[in-house]
Amino acid sequence: MTIKTALITGATHGLGYEFAKIFAKNDYNLVLVARDKEKLVAIQKELIRDFKVGVLIISKDLSRHTSSLEIYKEVQKNRISIQVLVNNAGFATYGKFIDNDLQEELDEITVNVSTLTTLTKLFAKDMVTQKTGRILNVASIAAFVPGPLMAVYYATKSYVLSFSEALSEELKGTGVTVTA
């Protein structure tokens, strides 16, 4: 039996947690990434108990520019081949752009855009070499319109959609798909 592994960011709640359960139910081993180590450990125990799959947890703050490479190196160190990458982590700021905290918005751009882009680049190269892989970049309906009072969030989700559509076209014929 072929071992399939999915890497999911933002795996401790919401869509990320639901993706983890879906992949585990479908016999995927998991690499789960989030900031909250305690929640990751609890989810790891739950998924191993309920689905009998392997679960590696990586606690990282994805607003740190080095986090993507650290995640990739950890996966490589553990000799794990990723078949599915789910770039789910993200967050939104709310309020007038001129009033919002600059550092919080820069962190939002790092998580929603830079980390997603870096993880996609690192794992897509391996997938193309393997001639198979799936990348899911979680966008939003926000990708289609401007978002007053959430200007940075809407702009980041627009990037995710545009980037994913372009990359999907570039990777045609490689065995790797990209979905937003």
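Minimum interatomic distance between Asp126 and Gln76 (heavy atoms only, all atoms of both residues): OD2-NE2, 3.5 Å. Minimum interatomic distance between Ala34 and Thr12 (heavy atoms only, all atoms of both residues): CB-CG2, 3.5 Å. Phe91 and Tyr153 make their closest contact through O-CD1, 3.5 Å (heavy atoms, listed as atom of the first residue, atom of the second, distance). Taking all atoms of both residues into account, the shortest heavy-atom contact from Pro146 to Tyr154 is C-CD2, 3.5 Å. The nearest pair of heavy atoms linking Thr9 to Ala89 is OG1-N, 2.9 Å. In terms of heavy atoms, Lys157 sits closest to Ala143 at O-CB, 3.2 Å.
No single ILVMFWY cluster, assembled from side-chain heavy atoms under 4.5 Å apart, contains both Leu136 and Leu122. A single hydrophobic cluster is seen to contain both Ile109 and Leu69, as judged by linkage of ILVMFWY side chains at heavy-atom distances under 4.5 Å, directly or through other members. Hydrophobic clustering places Ile80 together with Val176 (ILVMFWY residues linked when any side-chain heavy atoms are closer than 4.5 Å, directly or through intermediates). Placement of Ile58 and Ile43 in two distinct hydrophobic clusters is found when ILVMFWY residues are connected by side-chain heavy-atom separations under 4.5 Å, directly or transitively. Taking hydrophobic clusters as Ile, Leu, Val, Met, Phe, Trp and Tyr residues chained together by side-chain heavy-atom distances below 4.5 Å, Val145 shares a cluster with Leu149.
Here Lys39 pairs with nothing under the side chain to side chain donor-acceptor pair (under 3.5 Å) rule; sequence neighbours left out. With sequence neighbours excluded, the residues forming a side-chain contact (heavy atoms from CB on, under 4.5 Å) with Asn100 are Thr93, Glu105, listed by chain and number. A search for side-chain contact (heavy atoms from CB on, under 4.5 Å) contacts involving Ala24 returns Leu30, Leu47, Phe51, Val53, not counting sequence neighbours.
Annotation: side chain to side chain donor-acceptor pair (under 3.5 Å) contacts involving residues 110-125, sequence neighbours excluded, comprise Asn87-Thr120, Asn112-Thr156, Thr117-Tyr159. Residue pairs that meet the side chain to side chain donor-acceptor pair (under 3.5 Å) test with at least one member in residues 43-57, sequence neighbours left out, are Tyr17-Glu46. Identified under the side chain to side chain donor-acceptor pair (under 3.5 Å) test for residues 167-180, with sequence neighbours left out: Glu169-Lys172.
From Gln130, atom CD reaches atom CD1 of Ile82 across 9.0 Å, with rounding to the nearest 0.5 Å. Distance check: Glu74 CD to Ile71 CD1 gives 9.5 Å after rounding to the nearest 0.5 Å. Atom-to-atom distance recorded for Met127:CE and Leu171:CG is 10.0 Å, nearest 0.5 angstrom. Annotation: the span from Lys60 atom NZ to Arg64 atom CZ amounts to 6.0 Å, rounded to 0.5 Å. Between Leu119 atom CG and Leu62 atom CG the span is 7.0 Å, to the nearest 0.5 Å.
The main-chain N or O of Ile8 is never found under 3.5 Å from a side-chain atom of Asn88 such that the two would form a donor-acceptor pair. A donor-acceptor pair is defined here as one N or O able to donate and one able to accept, closer than 3.5 Å; such a pair exists between the side chain of Gln83 and the backbone of Ser81. Judged purely by atom type and a 3.5 angstrom limit, Ser164 has no side-chain atom pairing as donor or acceptor with the backbone of Asn137. A donor-acceptor pair is defined here as one N or O able to donate and one able to accept, closer than 3.5 Å; such a pair exists between the side chain of Asp101 and the backbone of Gln103.
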Apply side chain to side chain contact (heavy atoms under 4.5 Å, CB included) to the pair Val33 and Leu7, showing each step before the final yes or no. CA-CA 8 Å; Val33 180; Leu7 187 152; 4.2 Å; yes
Run Leu85 and Arg134 through side chain to side chain contact (heavy atoms under 4.5 Å, CB included) and show every step you take. CA-CA 6 Å; Leu85 171 62; Arg134 307 287 175 257; over 6 Å; no
What's the verdict on side chain to side chain contact (heavy atoms under 4.5 Å, CB included) for Phe123 and Val75, showing C-alpha distance, side-chain angles and the deciding distance? CA-CA 10 Å; Phe123 287 103; Val75 168; 4.0 Å; yes
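Looking at heavy atoms from C-beta onward, Val84 lies out of side-chain contact with Ile135 at the 4.5 angstrom threshold. At least one side-chain heavy atom of Phe144 sits less than 4.5 Å from a side-chain heavy atom of Leu161. Side-chain atoms of Leu32 and Leu56, non-hydrogen and from C-beta on, never get closer than 4.5 Å to each other. Using a 4.5 Å cut-off on side-chain heavy atoms (C-beta onward), Val113 and Phe163 make no contact.
The existence of a salt bridge linking Lys73 and Glu70 is excluded, since no basic side-chain nitrogen approaches an acidic carboxylate oxygen closer than 4.0 Å.
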